[in-house]
Amino acid sequence: MSKSLVIVESPAKAKTLSRYLGKDYEILASYGHVRDLLPKSGAVDTEHQFEMKYQVIDKNKKHVDAIVKALKKADDLYLATDPDREGEAISWHLYELLKEKGAIDDKNVHRVVFHEVTKSAIQDAIAHPRKLSTDLIDAQQARRALDYLVGFNLSPLLWKKIRRGLSAGRVQSPALRMICEREAEIEAFVPREYWTIEADLEHDGNAFNAKLTYYNDEKLKQFSIDNTEQANAAREALLQAAQGSDSRKALTVDNVEKKQRRRQPAPPFITSTLQQEASRKLGFTAQRTMRTAQQLYEGIDTGDGAVGLISYMRTDSVNLAEEAINELRTYISHEYGKDNLPAQPRVFKTSAKNAQEAHEAIRPTSVERLPQQIKSHLTDDQFKLYDLIWKRAVACQMKHATINTVAVDMKCGDGNVFRANGSTIVDPGFIAVYQEDVDDKKPENDDKTLPPLEQGDKPALNEIRAEQHFTEPPPRYSEASLVKTLEEYGIGRPSTYASIISTLLQREYVELDRKRFIPTDVGRIVNKFLTEHFTDYVDYDFTAKLEDQLDSIARGEQDWIPVLDQFWKSFDSKVKEKEESVSRKEAVAARELGTDPKSGRPVTVRMGRYGPFVQIGEREDEEKPKFAGLKPGQRMDTITLDEALPLFKLPRQLGETADGDEVEANIGRFGPYVRFGKKFVSLKGEDDPYTVTLERALELIEEKKQADLERQIKVFDEAGISILKGRYGPYVTDGKKNVRVPKDREPDSLTLEECQEMIANAPEKRGRGRAAKKKKKTAS
């Protein structure tokens, strides 16, 4: 028995490792986490040193069993999960499980880490194992416990006070606050008018333009000219002041200022900057970026077997290994010439406060593996992301770009000066390979070439234009700018950005419009509730300080239990207080719109179980209140009384069908519909329940009847039973129960008696919501 068992997280990585380790090594995958906290309250025992109760994850039981079985034939166990806190935790959980099963009593257990899936890195890791890191495990346990305690205590409070299905997270809630605060800024923004005066000029056959910077000896500021009258007066005065005849005027060059500047390359990618650039340049979501990066890291078959193409992608370090820098410099010297190589290797400083997730930045495992050469082996996403990472890594070790800039001041009479800016790239340096994008980029005035101009030249003036502008509100967050802001505040860590964003979208707290985040009504209400009643826990500084404490646990500088204890005491007290002191009416943020002119009762908009709605009256009134859902596009915080009252026109009575069935238009839980008798048909596309005509409704009803006829296989009218074609095959129905027809039976051969027996033997439909729960309790 001389085999060694190596455990990694994914089968893709296992396949790659099998290339580099000999026949004495068996490699198995854990398929991610092997156990997690019990999915119920009490899994973190706050009364007993935050003891955590775990269970095996169902879908991974078979993989754990396979590991136990393989370990019986091995002497050594190598835990080779990812080189971060999450990976350390997976190795520890597996170790604890195997210990419980008595599978490692006589085994040698090693922890190995590597930051790239290459032969040299893997063999070096196996040759230099270490023990499991208690500090990293404690930090991960503390993080998991905090997330659990926040989720399992705040979420039920949201269910009780607002509506079921809501959640609050330790890190997602401050992110939601950012998006809501930005939207509030945009809504409160009042545009301000300002004008610029620009001159269209020509010199030696080259057109260019310049902007007025001094007027009547005063330097112009943004709002110096803020209305049409001022702008037109200034334009006329400048035209008069310009030298020359009315048909051919000119300005006079007074000063030419030439400078040379250097532009330095950006550092190699870390997790956050990779997500930002992939969003800007490739249109990738954070989740798509990380999923693709994981594939590149774990290994791709490029023709000679699977190989890891990039170093570990969850990192906040901009360091590069010495051998990687040497390889990059050799490649640059050979491909771009020694003139594009700086005298000394570039060393970058990490901006993140607690960079410690990995030892290196994200880079290609070999710069000699050119993107174009392996393109045929990669998916479209894999190629685009690898190409981005490869170019950034090469560019970061290249020479600076040299740019000549010129600023030309031109007189227009006395006390008036126009300025033209231009630039020329003299030596592109790293720009020949890669240039970093920025968020919400404003048009640059100096990225253009000017004709050669000297003092005393008189470029011809073709026109003077007065241009009206309005100040703009701050832009909504994109995925790139949100990740950047979270990182700047120290909220979250490299492995959490993608999950923060996906959680906000899945919970429908935010939605994406043209790749920008907009908070939904329910997102605003949840944020309002949390910011008003749990201010500390969505505070940016508080969240960042807590992250710092978790990092200090990982470094062995703090014990995890006091950190949790300090958090829990105040948090638990706050939850209990708010459960008693905050009413549901206050939490759902009902907003009064005015008075209903017909009944004289108040009209309010509020959040309900299925979304926002308008209500006439209160539940305490003798007369029952009336309810109406909002139309698509209407929002709780902006809807007016005049917009709300027409919502109560539903249901609309349209008339009758030829068979005498009443036809009615309305909006239900699943959208707008027309009812005819006891049957329903959904409205389509542009059909609006507030305006749909009887004629259009009858068309939809006829289409529905035809579609139903086409679905019919056999009908027993007298018994109210039908055999129909369904999405998943033929089935029998009595309108209450649906029973699938057995595959060995022809549906049209079934008799009425057989159908009745099938329906009688079918289980009752499971109900939904409170009514179903009450019924279940009564039955028991």
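Position 1 is the first residue of the sequence, and the numbers go up from there.
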Decide if atom CD of E181 counts as having more than 12 heavy atoms of other residues, nucleotides or ligands within a radius under 6.0 Å. yes
Residues, nucleotides or ligands: over 12 heavy atoms within 6.0 Å of R130 CZ: yes
Would a distance-only check, ignoring hydrogens and angles, find a side-chain to backbone donor-acceptor pair under 3.5 Å from E9 to D82? yes
For G429 versus N340, what's the shortest heavy-atom pair and its separation? CA-OD1, 3.5 Å
Are any side-chain N or O atoms of S91 and backbone N or O atoms of E88, one a donor and one an acceptor, separated by less than 3.5 Å? no
Got a donor-acceptor contact below 3.5 angstrom from the R516 side chain to the R476 backbone? yes
Over 12 foreign heavy atoms within 6.0 Å of CD, Q260: yes
Does one side chain, of S366 or E327, offer a donor that lies under 3.5 Å from an acceptor on the other? yes
Can you tell me how far the CD1 atom of I374 sits from the CD1 atom of I300, to the nearest 0.5 Å? 8.5 Å
Check: N60 side chain, H33 main-chain N or O, donor-acceptor pair, under 3.5 Å: yes
Considering non-hydrogen atoms only, spot the tightest contact between A293 and L385 and give its length. N-CD2, 3.6 Å
Without hydrogens or angle criteria, can the side chains of S272 and E487 be said to hold a donor-acceptor pair below 3.5 Å? yes
Could you check whether D387 pairs with K391 (Lys NZ or Arg NE/NH1/NH2 to Asp/Glu carboxylate O, under 4.0 Å)? yes
Does CD belonging to Q344 count more than 12 external heavy atoms closer than 6.0 Å? no
Looking at S499, is its backbone amide N or carbonyl O close enough to the side chain of T503 to form a donor-acceptor pair, meaning the two atoms are under 3.5 Å apart? yes
Testing the 3.5 Å rule here: is there a donor-acceptor pair between the side chains of Q295 and Q382? yes
Does a side-chain heavy-atom distance below 4.5 Å link Y78 with I126? yes
Answer with yes or no whether the side chains of Q172 and R507 bring together a donor and an acceptor at under 3.5 Å. no
Here the gap from F383 atom CZ to S376 atom OG, rounded to the nearest 0.5 Å, amounts to 10.5 Å
For Y386 and P364, work out which heavy atoms get closest and say how close. OH-CB, 3.9 Å
To the nearest 0.5 Å, atom CZ of R280 lies from atom NZ of K515 at 13.0 Å
Looking at K15 and E298, is there a salt bridge between them, counting it only when a charged N and a carboxylate O are closer than 4.0 Å? no
Within this structure, what is the CG-CG distance for the pair L94 and L77, rounded to the nearest 0.5 Å? 7.0 Å
Heavy-atom count around K281 NZ within 6.0 Å, excluding the residue itself: above 12? yes
Distance, nearest 0.5 Å, that separates CG of L28 from CG of L17: 11.5 Å
Less than 4.0 Å between a side-chain N and a carboxylate O, is that true for R369 and E116? no
Does S311 reach the main-chain N or O of H115 with its side chain, forming a donor-acceptor pair under 3.5 Å? no
According to the interplanar angle, ranging from 0 to 90°, do the rings of Y489 and Y540 count as parallel (below 30°), tilted (30 to 60°) or perpendicular (above 60°)? tilted
Donor-acceptor pair between R291 and Q287 side chains, under 3.5 angstrom: no
S133 and D135 side chains, donor-acceptor separation under 3.5 Å: no
Is it the case that the side chain of E479 and the backbone of A286 share a donor-acceptor pair, with hydrogens and angles ignored and the cut-off at 3.5 Å? yes
Would you call D36-R144 a salt bridge at under 4.0 Å N-O? yes
Got a salt bridge between K384 and D380, using NZ or NE/NH1/NH2 to carboxylate O under 4.0 Å? yes
Heavy-atom nearest pair, Y297 first then M313, reads CB-SD, 3.7 Å
Can a donor-acceptor pair be found, under 3.5 Å and without considering hydrogens, that links the side chain of R170 to the backbone of T543? no
Considering only NZ, NE, NH1 and NH2 on the basic side and carboxylate oxygens on the acidic side, decide whether D548 and R493 come within less than 4.0 Å. yes
For the pair T330 (side chain) and N326 (backbone), establish whether a donor and an acceptor sit closer than 3.5 Å, ignoring hydrogens and angles. yes
CD1 (I500) and CG (L505) are apart, to the nearest 0.5 Å, by 12.0 Å
Taking the side chain from R177 and the backbone from T531, do they hold a donor-acceptor pair closer than 3.5 Å? no
